[in-house]
Peer 1: 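Okay, here's the structure, questions in a sec.
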Amino acid sequence: MLLRGRRAEILAANLANADTPHYKARDINFQDVMSRALGRAGDALPLRATQSGHVQSAADASGGELLYRIPHQSSLDGNTVDTQVEQAEFTQNALQYQASLTFLNNHIRGLLTAFRGE
């Protein structure tokens with residue numbers, strides 16, 4: 001849920017900066033983050049700060065590494081935001097977020113029903 005929320009923030013920022021010159025659209029690879037979270041990342045080890053002066057990586061700060069989106073068509077002002085792609089990604093992420101909420105709600109409702117003995 002937190003990762004979907006963070007991705008919504010990133011996609012919203014992309015849409016908000018659609019007219020900003022030289023803005024580069026960002027996103028996270030949800031599948032890679034979930035694979036890492038489930039322990040299927042292979043030999044890749046996450047970065048770890050061992051001293052207070054270390055800088056957090058983008059992966060530590062957002063739950064996933066922020067990647068630059070490759071535009072389908074380059075803009076004259078250097079902006080890589082394609083509003084149609086961003087809106088589609090935002091909508092898909094919102095639907096998946098809502099589906100996760102519905103699933104959790106139904107699961108919790110089922111547990112409460114079992115506790116009550118109904």
Side-chain angles (χ1 to χ4, degrees):
M1 296 299 294
L2 294 175
L3 184 59
R4 290 250 180 246
R6 178 64 180 135
R7 185 164 186 241
E9 291 174 6
I10 294 166
L11 295 172
N14 288 346
L15 286 168
N17 288 292
D19 295 326
T20 304
H22 304 291
Y23 182 83
K24 306 299 182 205
R26 307 290 301 263
D27 199 358
I28 55 176
N29 189 329
F30 188 82
Q31 298 296 345
D32 286 348
V33 174
M34 286 303 293
S35 294
R36 262 188 278 142
L38 295 173
R40 297 184 214 141
D43 296 327
L45 295 174
L47 296 176
R48 184 177 61 175
T50 56
Q51 296 181 4
S52 62
H54 287 173
V55 177
Q56 282 188 332
S57 71
D60 293 337
S62 69
E65 182 180 359
L66 284 174
L67 305 172
Y68 289 101
R69 188 179 308 281
I70 299 171
H72 295 287
Q73 183 175 357
S74 58
S75 175
L76 293 176
D77 65 357
N79 187 310
T80 63
V81 176
D82 183 347
T83 54
Q84 292 178 344
V85 170
E86 298 301 326
Q87 287 174 340
E89 290 292 328
F90 187 86
T91 301
Q92 181 182 7
N93 188 62
L95 286 171
Q96 291 170 340
Y97 185 87
Q98 186 63 40
S100 297
L101 280 177
T102 302
F103 173 76
L104 285 174
N105 189 26
N106 290 337
H107 185 69
I108 291 169
R109 186 177 296 135
L111 289 173
L112 289 174
T113 301
F115 288 146
R116 291 183 195 135
E118 297 174 1

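Since the structure is predicted, the reported quantities are computational estimates derived from the model, not experimental observations. Reckoned from all heavy atoms, side chains included, excluding hydrogens, waters and symmetry mates.
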Peer 1: So, do Asp77 and Tyr23 sit near enough that their side-chain heavy atoms are less than 4.5 Å apart?
Peer 2: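 With C-beta onward as the side chain, the pair stays apart.
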Peer 1: CZ of Phe90 to CG of Leu95: how many Å apart, nearest 0.5 Å?
Peer 2: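 Taking CZ in Phe90 and CG in Leu95, the distance rounds to 10.5 Å.
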Peer 1: Using a 3.5 Å cut-off and no angle test, enumerate the donor-acceptor pairs between side-chain atoms of residues 107-115 and protein atoms at least two apart in sequence or in another chain.
Peer 2:
from	atom 1	to	atom 2	distance (Å)
Arg109	NH1	Asn106	OD1	3.3
Thr113	OG1	Arg109	O	2.9

Peer 1: Please enumerate all residues that pass side chain to side chain donor-acceptor pair (under 3.5 Å) together with Glu9, with sequence neighbours excluded.
Peer 2: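 So Glu9 forms a side chain to side chain donor-acceptor pair (under 3.5 Å) with Arg6.
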Peer 1: Restricting to side chain to side chain donor-acceptor pair (under 3.5 Å), what partner residues turn up for Asp82, sequence neighbours left out?
Peer 2: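 So Asp82 forms no side chain to side chain donor-acceptor pair (under 3.5 Å) with any residue.
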Peer 1: Check for a donor-acceptor pair, side chain of Asn17 on one end and backbone N or O of Ala13 on the other, with a separation under 3.5 Å.
Peer 2: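 At least one qualifying donor-acceptor pair exists.
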Peer 1: List the steps, then state whether side-chain contact (heavy atoms from CB on, under 4.5 Å) holds for Leu66 with Ile28.
Peer 2: CA-CA 5 Å; Leu66 284 174; Ile28 55 176; 3.7 Å; yes
Peer 1: Mind checking what makes side chain to side chain donor-acceptor pair (under 3.5 Å) contact with Asn29, not counting sequence neighbours?
Peer 2: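 Once residues adjacent in sequence are excluded, the partners of Asn29 under the side chain to side chain donor-acceptor pair (under 3.5 Å) criterion are Asp32.
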Peer 1: Side-chain heavy atoms under 4.5 angstrom apart, residues restricted to Ile, Leu, Val, Met, Phe, Trp, Tyr: same cluster for Val33 and Ile10?
Peer 2: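 Yes, one cluster joins them.
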Peer 1: Looking at every heavy atom in both Arg4 and Gln96, which two are closest together, and how far apart are they?
Peer 2: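 It is NH1-OE1, 2.7 Å.
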Peer 1: List the residues meeting side chain to side chain donor-acceptor pair (under 3.5 Å) with Gln98, not counting sequence neighbours, and say none if there are none.
Peer 2: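 Residues passing side chain to side chain donor-acceptor pair (under 3.5 Å) with Gln98: none at all.
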Peer 1: Taking all heavy atoms of Met1 and all of Ser100, pick out the closest pair and write down the distance.
Peer 2: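 Looks like SD-CB, 3.4 Å.
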Peer 1: When you measure from the side chain of Asn14 to the backbone of Val81, do you find a donor-acceptor pair of N or O atoms at a distance under 3.5 Å?
Peer 2: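 It does not hold such a pair.
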Peer 1: I need the Thr83 OG1 to Leu15 CG distance, nearest 0.5 Å.
Peer 2: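 Taking OG1 in Thr83 and CG in Leu15, the distance rounds to 7.5 Å.
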Peer 1: Is it true that a side-chain atom of Thr80 and a backbone atom of Pro71 form a donor plus acceptor pair closer than 3.5 Å?
Peer 2: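 The answer is no, because no donor-acceptor pair under 3.5 Å joins these two groups.
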Peer 1: Please answer: with hydrophobic residues joined when any side-chain heavy atoms are less than 4.5 Å apart, are Leu67 and Phe30 in the same cluster?
Peer 2: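 No, it is not one cluster - the side chains of Leu67 and Phe30 are not joined through contacts under 4.5 Å.
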Peer 1: Considering only residues two or more places apart or on different chains, which pairs with a residue in residues 86-103 satisfy salt bridge (charged side-chain N to carboxylate O under 4.0 Å, His left out)?
Peer 2: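 Salt bridge (charged side-chain N to carboxylate O under 4.0 Å, His left out) check on residues 86-103 returns Arg7-Glu89, Arg69-Glu86.
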